[in-house]
There are 2 protein chains.
Amino acid sequence: MKLTTKGRYAVTAILDVALRQKSGPISLADISSRQDISLSYLEQLFSKLKKHQLVKSVRGPGGGYLLGKSPVDINIAEIILAVNEPLDATRCRGKGNCRDGETCLTHHLWQDLSHQIQNFLTSITLANLLERSETKYISEKQDAQFEGQHSHKDTLILDRLL
Amino acid sequence: MKLTTKGRYAVTAILDVALRQKSGPISLADISSRQDISLSYLEQLFSKLKKHQLVKSVRGPGGGYLLGKSPVDINIAEIILAVNEPLDATRCRGKGNCRDGETCLTHHLWQDLSHQIQNFLTSITLANLLERSETKYISEKQDAQFEGQHSHKDTLILDRLL
DNA sequence: CCTATAACCTACTAAATAAGTCAAGTATTA
DNA sequence: TAATACTTGACTTATTTAGTAGGTTATAGG
């Protein structure tokens with residue numbers, strides 16, 4: 001699970017579609033100018049997103065992209081995984097230095113941690129983000145789901161954004 | 001918050017120290033051979049880790065690195081942030097296309113999401129990982145803390161690693 | 001039918017970052 | 001005082017990200 005600007009672009013772009021698709025397909029050119037991401041880069045990203053059925057396309061004038069399924073059924077993890085390559089293999093695969101299991105320990109702990117992050121991102125859907133964008137203050141339900149045991153002092157107030 | 005192999009190297013390496021420091025300082029050469037990370041790259045990483053007081057060094061023969069504080073007081077987020085540069089600025093800063101607040105929407109949602117991930121990683125300490133490495137099966141307490149509402153079918157059984 | 005629009009596709013390139021190398025130090029202590 | 005191990009900085013290389021250029025196909029609307 002990699003978290004880079006690439007995944008962020010993908011999430012941003014698909015959220016842009018989600019927010020506006022009521023009025024029909026959204027063209028990449030529109031997303032490009034709104035989100036300030038180059039058109040060609042968006043083409044690369046949406047090609048992958050489409051391959052994973054996260055979006056569907058409408059060709060021709062007035063065409064563009066629509067969500068491939070309901071926002072409830074699209075989670076953040078799958079968006080990020082869709083645009084990142086097959087998630088490169090474990091470091092030790094094939095190498096001799098993991099034969100006794102001992103040296104694999106931290107390696108697998110990291111993998112485990114990575115799974116936790118992925119689970120976490122899987123638990124957040126596009127619908128959740130849409131909700132947040134329509135909610136002036138974060139609801140308690142969301143809050144609990146997102147934050148676990150931590151202090152809420154840095155919780156984002158979406159008010160100023162809308 | 002970026003999640004790349006760089007941060008993974010850092011977590012892996014510092015965990016290696018945590019697991020073995022009972023027998024004294026751990027040299028980078030040892031970590032290098034055990035974890036298969038180049039010595040010089042480790043030097044770069046540990047230089048930053050030390051700057052953030054996550055580790056402390058012991059010079060001279062038999063020297064190496066020790067944790068800078070208790071495993072309970074070191075969380076995963078600070079390890080990753082320590083080796084990644086000051087967390088690059090927001091895309092729209094200074095640019096004209098965010099003036100009306102509208103275009104910033106998804107941008108801030110992403111930032112918010114990033115905060116959630118950071119909160120999550122902040123909630124996991126080195127001590128948690130150490131515990132896990134000593135526990136054959138994941139305890140319920142850990143499980144609840146880590147996973148939220150999700151299915152546990154892909155939960156890692158550490159048994160096979162130890 | 002024609003034309004503009006927009007998806008789709010391929011190949012390439014520039015920039016940034018990650019990862020690793022090299023070399024010449026300095027401090028510590030057995 | 002020699003061995004060990006950290007420190008520092010300048011380099012190189014590889015990979016990934018981001019952007020360009022140049023097309024083709026599909027289709028809505030005049």
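Since this is a predicted model, take the numbers as computed values, not measurements. Chain naming here is simple, since letters A, B, ... match the order of the sequence lines and numbering starts at 1 in each.
Checked against side chain to side chain contact (heavy atoms under 4.5 Å, CB included), A/Gln53 has no partners two or more places apart in sequence or in another chain. Every residue two or more places apart in sequence or in another chain that forms a side chain to side chain contact (heavy atoms under 4.5 Å, CB included) with A/Ala77 is listed here: A/Met1, A/Asn75, A/Gln118, A/Leu121, A/Thr122. The salt bridge (Lys or Arg N to Asp or Glu O under 4.0 Å) check on B/Lys69 picks up B/Glu78, with sequence neighbours excluded. B/Ala29 pairs by the side chain to side chain contact (heavy atoms under 4.5 Å, CB included) definition with B/Ser27, not counting sequence neighbours.
The nearest whole Å value for the distance from the CG atom in B/Asp30 to the P atom in D/dT4 is 13 Å. As a whole-Å value, the separation of B/Lys48 NZ from D/dT8 C1' is 14 Å. Counting to the nearest Å, the P atom of D/dC6 and the CG atom of B/Leu66 are 11 Å from each other. The nearest whole Å value for the distance from the CG atom in A/Asn84 to the P atom in D/dT15 is 17 Å. Distance, B/Leu3 CG to D/dT16 C1': 16 Å, rounded to whole Å.
A 4.5 Å side-chain heavy-atom check between B/Glu131 and B/Thr125 finds every atom pair outside the cut-off. Side chains of A/Leu67 and A/Leu54 form no contact here, defined as non-hydrogen atoms less than 4.5 Å apart.
Among pairs with a residue in residues 48-65 of chain A, those fulfilling salt bridge (Lys or Arg N to Asp or Glu O under 4.0 Å) read A/Lys48-A/Glu85, at least two apart in sequence or across chains. Pairs passing the ring-ring contact (aromatic ring centres under 6.0 Å, His included) check and including a residue from residues 19-50 of chain B, sequence neighbours excluded, read B/Tyr9-B/Tyr41, B/Phe46-B/Tyr65.
A heavy atom lying under 4.0 Å from DNA chain C marks none of the residues of residues 73-80 of chain A.
Side-chain nitrogen and oxygen atoms of B/Tyr41 include none within less than 4.0 Å of the OP1 or OP2 phosphate oxygen of C/dG20. Applying the 4.0 Å criterion to OP1 and OP2 of C/dA18, one finds that B/Lys2 has a side-chain N or O inside that range.
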Open item on the list: Please encode protein proximity along nucleotides 7-16 of chain C as a string of B, S and -, counting only heavy-atom distances under 4.0 Å.
Closed with: BBB-------
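Listed by chain and number, the hydrophobic cluster partners of B/Val58 are B/Leu66, where partners are ILVMFWY side chains within reach of under 4.5 Å, directly or through others.
Side-chain proximity of B/Pro61 to C/dG20, C/dT28, C/dC22: nearest is C/dT28. Among the nucleotides D/dA21, C/dA18, C/dG20, the one closest to any side-chain atom of B/Tyr9 is C/dG20.
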